[in-house]
J.: 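Here you go, one structure.
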Amino acid sequence: MRIIIISDIKGECESVIPYGLHLAKSLESEVDIVHIIDPRSLHGVQSAYSDSQTVSPGNKLSCEEIIEREKKSAEIELDKLLSSEASRLNYPLKIKTNIVEGNIEKIIGQRIKSAKQSILIMSSVPDNFVFSSRNEILDIVYRLDTLSLLVSPGYKYKELKKVALLSIPKFKKINKIKERFKFLKHFNPVISIVHFLKNKNNVKRKIKNGTLE
């Protein structure tokens with residue numbers, strides 16, 4: 001099992017990285033933290049010197065220089081965050097950090113494919129750096145079609161003892177759903193399944209016949 005965490009350290013909200021680290025500790029999983037830099041969001045950014053009110057403003061940074069600056073800044077921030085969390089975890093997690101440039105969906109997809117089994121951890125709130133809207137987050141999660149946990153910023157980790165599955169698209173996909181949520185066995189939770197259908201009697205018959213077992 002690999003926990004893939006999409007870095008949100010550039011956002012204004014509290015990071016969800018600590019949540020992912022604690023989940024990895026509970027599952028005894030390795031961690032892959034991915035900080036994504038989309039060059040399009042950095043186009044035309046100027047250096048701090050060019051923001052001065054002097055008569056001779058500084059020069060614009062080149063695209064390559066801007067990206068390199070962002071990579072170094074992200075590396076420093078990630079190191080600082082991970083150092084502070086290490087003492088809280090008190091557990092030797094295997095953590096790999098990746099600061100990469102490119103298309104968000106493609107990068108995440110590559111990380112998922114490289115792992116036999118993974119859980120994708122993302123903030124539920126757009127950071128306006130990687131994601132600009134909640135719809136963008138949901139669209140990417142939908143297209144990736146993988147097990148994803150959208151975590152509220154600053155949410156404190158708790159073991160998953162009560163789980164609600166809000167919808168099952170089709171009963172024939174129940175085995176696929178079971179496979180995806182197999183990791184929950186570690187927590188031995190109470191799982192409630194809520195599904196909305198017009199013909200509730202049909203659902204009752206399926207449950208009685210053991211289709212949902």
J.: Would you kindly say whether Ser192 and Lys162 are connected by a side-chain donor-acceptor distance under 3.5 Å?
T.: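 Judged by distance alone, the side chains do not pair up.
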J.: With a 4.5 Å heavy-atom cut-off, do Phe183 and Leu147 have their side chains touching?
T.: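 Counting from C-beta outward, Phe183 and Leu147 do come under 4.5 Å.
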J.: Cys13 pairs by side-chain contact (heavy atoms from CB on, under 4.5 Å) with which of Ser152, Ser123, Ser124, Pro153?
T.: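 Checked Ser152, Ser123, Ser124, Pro153 against Cys13; only one passes side-chain contact (heavy atoms from CB on, under 4.5 Å): Pro153.
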J.: Could you walk me through whether Val34 and Ile5 pass the side chain to side chain contact (heavy atoms under 4.5 Å, CB included) check?
T.: CA-CA 6 Å; Val34 186; Ile5 308 173; over 6 Å; no
J.: Using the rule that two of Ile, Leu, Val, Met, Phe, Trp, Tyr join whenever any of their side-chain heavy atoms come within less than 4.5 Å, decide whether Leu23 and Phe181 are in one cluster.
T.: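 Yes, one cluster joins them.
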J.: Please name the pair of heavy atoms, one in Val130 and one in Ile104, separated by the smallest distance, quoted to 0.1 Å.
T.: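 The pair with the smallest heavy-atom distance is O-CD1, 2.9 Å.
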J.: Of all heavy-atom pairs between Ile37 and Lys71, which one has the smallest distance, and what is that distance?
T.: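 That closest heavy-atom pairing would be CD1-CG, 3.5 Å.
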J.: Is it true that Glu77 and Lys80 have a side-chain N and a carboxylate O under 4.0 angstrom from each other?
T.: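 Between Lys80 and Glu77 there is no salt bridge, as every charged N stays at least 4.0 Å from the carboxylate O atoms.
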J.: Just by distance, no angles: are the side chains of Ser114 and Arg2 close enough, under 3.5 Å, to form a donor-acceptor pair?
T.: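 Distance-only check passes for Ser114 and Arg2.
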J.: Could you tell me which non-hydrogen atom of Ile3 sits nearest to which non-hydrogen atom of Ser29, and how far apart they are?
T.: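 Closest approach of Ile3 to Ser29: CG1-CB, 3.8 Å.
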J.: For Leu78 and His35, what are the C-alpha separation, side-chain angles and deciding distance, and is it a side chain to side chain contact (heavy atoms under 4.5 Å, CB included)?
T.: CA-CA 9 Å; Leu78 279 174; His35 183 85; 4.2 Å; yes
J.: Is a donor on one side and an acceptor on the other found under 3.5 Å between the side chain of Ser148 and the backbone of Thr146?
T.: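 A pair under 3.5 Å: yes.
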J.: Side chains of Tyr157 and Ser26: is there a donor and an acceptor less than 3.5 Å apart?
T.: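 Checked: Tyr157/Ser26 side chains pair up, N/O donor to acceptor below 3.5 Å.
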J.: Supply the atom-to-atom distance Leu93 CG to Glu28 CD, rounded to the nearest 0.5 angstrom.
T.: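 Leu93 atom CG to Glu28 atom CD measures 10.0 Å (nearest 0.5 Å).
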J.: To the nearest 0.5 Å, tell me how far Gln117 CD sits from Arg180 CZ.
T.: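 It comes to 11.0 Å.
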J.: Counting distance only, does the side-chain N/O of Lys25 pair as donor-acceptor with the main-chain N or O of Leu89 below 3.5 Å?
T.: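 It does hold such a pair.
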J.: Under 4.0 Å between a side-chain nitrogen and a carboxylate oxygen: does that hold for Glu105 and Arg143?
T.: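 Result for this pair is yes, salt bridge flagged.
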J.: Can you list the steps and then say if Ile95 with Asp32 is a side chain to side chain contact (heavy atoms under 4.5 Å, CB included)?
T.: CA-CA 6 Å; Ile95 303 175; Asp32 190 0; over 6 Å; no
J.: Which value, rounded to the nearest 0.5 Å, describes the distance between Leu120 atom CG and Ile6 atom CD1?
T.: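 Between Leu120 CG and Ile6 CD1, I get 5.0 Å after rounding to 0.5 Å.
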J.: Which heavy-atom pair separates Met122 from Val16 by the least distance, and what is that distance?
T.: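 Nearest pair, atom of Met122 first, then Val16: C-CG2, 4.1 Å.
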J.: Find out if a path of hydrophobic residues (ILVMFWY) with successive side-chain heavy-atom gaps under 4.5 Å connects Phe131 to Val100.
T.: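 Linked, Phe131 and Val100 end up in one cluster.
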J.: Measure the spacing between CG of Leu149 and CD1 of Ile4 and express it to the nearest 0.5 Å.
T.: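 So the CG of Leu149 and the CD1 of Ile4 are separated by 12.0 Å.
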J.: Is it the case that more than 12 heavy atoms not belonging to Lys96 sit under 6.0 Å from its NZ atom?
T.: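 For Lys96, atom NZ is not crowded (no more than 12 foreign heavy atoms under 6.0 Å).
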J.: Please determine whether side chain to side chain contact (heavy atoms under 4.5 Å, CB included) holds for the pair Leu184 and Leu160, giving the CA-CA distance in whole Å, both sets of side-chain angles, and the decisive distance to 0.1 Å.
T.: CA-CA 7 Å; Leu184 289 173; Leu160 303 173; 3.7 Å; yes
J.: How long is the gap from CZ on Phe187 to NZ on Lys158, to the nearest 0.5 Å?
T.: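 Answer for the CZ-NZ pair, Phe187 versus Lys158, is 14.0 Å.
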J.: So does Ala115 get a backbone contact from the side chain of Ser118, meaning a donor-acceptor N/O pair under 3.5 Å?
T.: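 Here the side-chain-to-backbone pair does not exist.
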J.: When you measure from the side chain of Ser132 to the backbone of Asn128, do you find a donor-acceptor pair of N or O atoms at a distance under 3.5 Å?
T.: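 Judged by distance alone, no pair lies under 3.5 Å.
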J.: Between atom CG of Leu27 and atom CD1 of Ile119, what is the distance when rounded to the nearest 0.5 Å?
T.: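 That separation rounds to 5.5 Å.
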J.: Gly102 and Ile36: which non-hydrogen atoms are nearest, and at how many Å?
T.: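 In terms of heavy atoms, the two residues are closest at O-CG2, 3.9 Å.
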J.: So, do Asn103 and Ile107 sit near enough that their side-chain heavy atoms are less than 4.5 Å apart?
T.: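 No, side chains not in contact.
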J.: Under 4.0 Å between a Lys/Arg side-chain N and an Asp/Glu carboxylate O for Asp127 and Lys10?
T.: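 Here Asp127 does not pair with Lys10 in a salt bridge, since their nearest N and O are not under 4.0 Å apart.
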J.: Between Tyr19 and Glu14, is there a side-chain heavy-atom distance shorter than 4.5 Å?
T.: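 They are not in side-chain contact.
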J.: Please find out if less than 6.0 Å separates the ring center of His22 from that of Tyr91.
T.: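 Ring-ring flag for His22/Tyr91: false, centres at least 6.0 Å apart.
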J.: Going only through I, L, V, M, F, W and Y residues with side-chain contacts under 4.5 Å, is there a path from Ile76 to Phe129?
T.: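 Cluster IDs for Ile76 and Phe129 differ.
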J.: Quick test of your reading of the model: are Asp139 and Arg134 salt-bridged, counting only N-O distances below 4.0 Å?
T.: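 Salt bridge: no.
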J.: Given side chains that start at C-beta, do those of Leu150 and Val141 come closer than 4.5 Å, heavy atoms only?
T.: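 Counting from C-beta outward, Leu150 and Val141 do come under 4.5 Å.
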J.: If you take all heavy atoms of Ile33 and Ser7, which pair is closest and at what distance?
T.: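 That would be CG2-CB, 4.3 Å.
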